[in-house]
Student: 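Attaching a single structure in structure tokens format; questions to follow.
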Amino acid sequence: MKRVVHAACPHDCPDACSVLITVEDGRATRIQGNPDHPVTRGFLCGKVAKYLDRVYSPQRLLRPMRRIAPKGQRGVDAFVPISWDEALDAIASKFKAVAAEFGPEAILPYSYGGTLGTIQGSTMDHRFFHRLGASQLDRTICSTAGGVGLTSVVGVKLGTEPEQFSHSRYIIAWGANIHGNNIHLWPFIEEARRSGAKLVVIDPYKTRTARLADWHLQIRPGTDVALALGMMHVIFSEGLADEDYVARYTIGADKLRARAAQYSPERVAEITGISADDVRKIAREYATTRPAAIRLNYGVQRSENGGMAVRAITMLPCITGSWKHIGGGLQLSVSGAFALNKQGLKRPDLMRKTLGRDARVLNMIQLGKHLTEDLKPPVKALFVFHSNPAAVAPNRTLVLKGLKRDDLFTVVHEQFLTETCDYADIVLPATTFFEHADLQTSYGHCHLQRSDVAIAPLGEARCNSDVFRALAERMGFTEECFRQTDEELIAEALKSDDPRMKDITPESLAEEYSQRINFGKGDNEPFLPFAEGGFQTPSGKAELYSESLVAQGLDGVVEFVPPVESRNGNSGEYPLELLARKHDNFMNSTFANLDGHRAMERTGDLHLHPTDAGVRKISDGDRVKVFNARGELLLRARVGYTVGEGVVAAGLDWAGLDGGTHNVNVLTSDRPTDMGGGATFYSALVQVEKA
Ligand code: SF4
């Protein structure tokens, strides 16, 4: 029998595609983008178009396993298969023993965006660890700096919907590789360009998007704050600000004017590497072309001053008033549109009941430190799901040192034997989104989707909610919430009095699969969140000056503070700035193990500028050693203009594939960003020499 199932892509991508899966006699035979979805518009990215290869890969983990070899030993031979009962009993008994001896905070969950599905991503697991009283994980690795920077100005994660970009006449992609990882915005941009719009890319790396743009400004890493201030300098001094909008809807404009006055285009040119003329040109074009939109993506906030960078850029549409126009404004994230019942799903009250207080919080980007330092209590048990910290966490050498500890009990719930599984005591097989139901929000558009089950779980794979339901039972957690089914969890998520959720019910979603958030507009009517103010800050205005940042010891306006590891900071014996990038055809470390995906990607390269290669006598194709005090990596030199002078770039990969022993995270730092405790993957200094 043949049928078509509606699902939604849960990978960490703003597009959250509506997916159609054809199933014949219980086997998925085709995947395609839903042609009727207003953002997906009938196509999928290259990564997920090949998803059948992932679901049916012979490498899929299909049974629970227990380690029999020393930690660090890779592959199935390091494990023996065990039953689910054995696995769950072993985990529950270890958790009970650790909690009894060290207290429950000696147990740490570790998860991130392996799935962004609401139900499988963070519901039953949060309830479980809250009820247990385990340490809380500060999930900072991707977006917190940007989130704090954005909301410090506008108060909420909202912005320009993708559908509106077709109306834009000037589009700045700022740290946004739209063609690589936000591909469903591209057709809207192309529509705009056919009507005469200009696309400008600001990025230290010549991405696919930069190559296709009308103008690429190759900014030095970590200097975006200075460029934004330089643009403001020109906009204010040349009378290009929308003074009416500024007066009505912002606070702190005078303080910002005074600060911007200090950033002349000449000074900005010295900091950013962009000429003073180009600073003037982009400021004038941006401020005088209507409508002008900025697609700001998370690359910008992966520098040490990333929060301040996002804050500064978010101020631009507030001083030009471009929030007023269809196709104006800015998008970093629109995830604030979805008013789901998160408290009901995650139940933080359970933690307070167990501990009488909130459990301690450990920042995920400092996993290596947490596993190796003298914490009280120490981390004695680690449960990893939806993440692969041995590959993706910064300061990898320290992470591996921690994971190797024989007295650390590590469980990994996964679809494949990842690098983190190399250190797991127990691995549990996980379902893919074909095999479980979910509810899908998005941070790139405002349509809530239901994702149906397409096929039965492969082998003995179980979904996240199911695993934690079973563990809760073994731990003796009797609360009713641990018995909720996935369908009941979906209904729980939608219990919301917020008017934005009006008319979105389990029944309506089961019928329509995708519904736009209710902004009080018609289905196709544009929503302009800040056209008439409406900022959700403490003052109700766009905060160009923020008292709450001052209270945190930060600059209340915005200021360029160079990253410690940068040429403007402290370059010393490591003079090159490293961009630890993600490959376009992988999703961080996801997909990197599949041959079909590897065939689409060039891995193992270090991009460097001809000047930097020349002084080191390095030619294109040479083996090179990239190193700093944290570690070293052998790569193949790619000499060219993909990066500017003084900058090198390498992609995140699994170590061990392509014959390597390390990945780029041996070089990255676990120093947090200025706001939000985020990861600073783009603030790392290195040296390079011929191997
Ligand atoms: S990864 Fe992004 S673009 Fe690709 S299918 Fe998923 S949501 Fe769509």
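Read the numbers this way: they start at 1 and go in the same order the structure lists the ligands and their atoms.
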Student: Taking atom types as modelled, find out whether Asp224 and Trp174 have a side-chain donor-acceptor pair closer than 3.5 angstrom.
Tutor: yes
Student: Using only heavy-atom distances, determine whether the side chains of Asp15 and Asn182 contain a donor-acceptor pair under 3.5 Å.
Tutor: yes
Student: Between the side chains of Glu511 and Ser508, is a donor N or O closer than 3.5 angstrom to an acceptor N or O?
Tutor: no
Student: Between Thr29 and Glu24, is there a side-chain donor-acceptor contact under 3.5 Å, judged purely by atom types and distance?
Tutor: yes
Student: Under 2.8 Å from atom 8 (Fe) of ligand 1, can any N, O or S atom of Cys45 be found?
Tutor: no
Student: For atom 2 (Fe) of ligand 1, does an N/O/S atom of Cys13 lie at less than 2.8 Å?
Tutor: yes
Student: Nearest protein heavy-atom contact for atom 6 (Fe) of ligand 1: which residue, which atom, what distance?
Tutor: Cys9 SG, 2.3 Å
Student: What protein heavy atom lies closest to atom 5 (S) of ligand 1? Include the residue and the distance to one decimal.
Tutor: Val48 CB, 3.4 Å
Student: Taking the six-membered ring for Trp, are Phe434 and Tyr56 closer than 6.0 Å centroid to centroid?
Tutor: no
Student: Quick test: of every protein heavy atom, which one is nearest to atom 8 (Fe) of ligand 1, and how far off is it to 0.1 Å?
Tutor: Cys17 SG, 2.3 Å
Student: Please list the nearest protein heavy atom to atom 1 (S) of ligand 1 with its residue and the distance rounded to 0.1 Å.
Tutor: Met587 CE, 3.5 Å
Student: Looking only at heavy atoms, is any part of Ala16 under 4.0 Å from ligand 1, and if so is it the side chain, the backbone, or both, or is it neither?
Tutor: backbone
Student: Enumerate the atoms of ligand 1 whose separation from the nearest heavy atom of His184 is less than 4.0 angstrom.
Tutor: 3 (S), 8 (Fe)
Student: Here's a test for you: under side-chain hydrogen bond (donor to acceptor under 3.5 Å, both in side chains), which of Glu161, His37, Glu163 qualifies with His447?
Tutor: Glu163
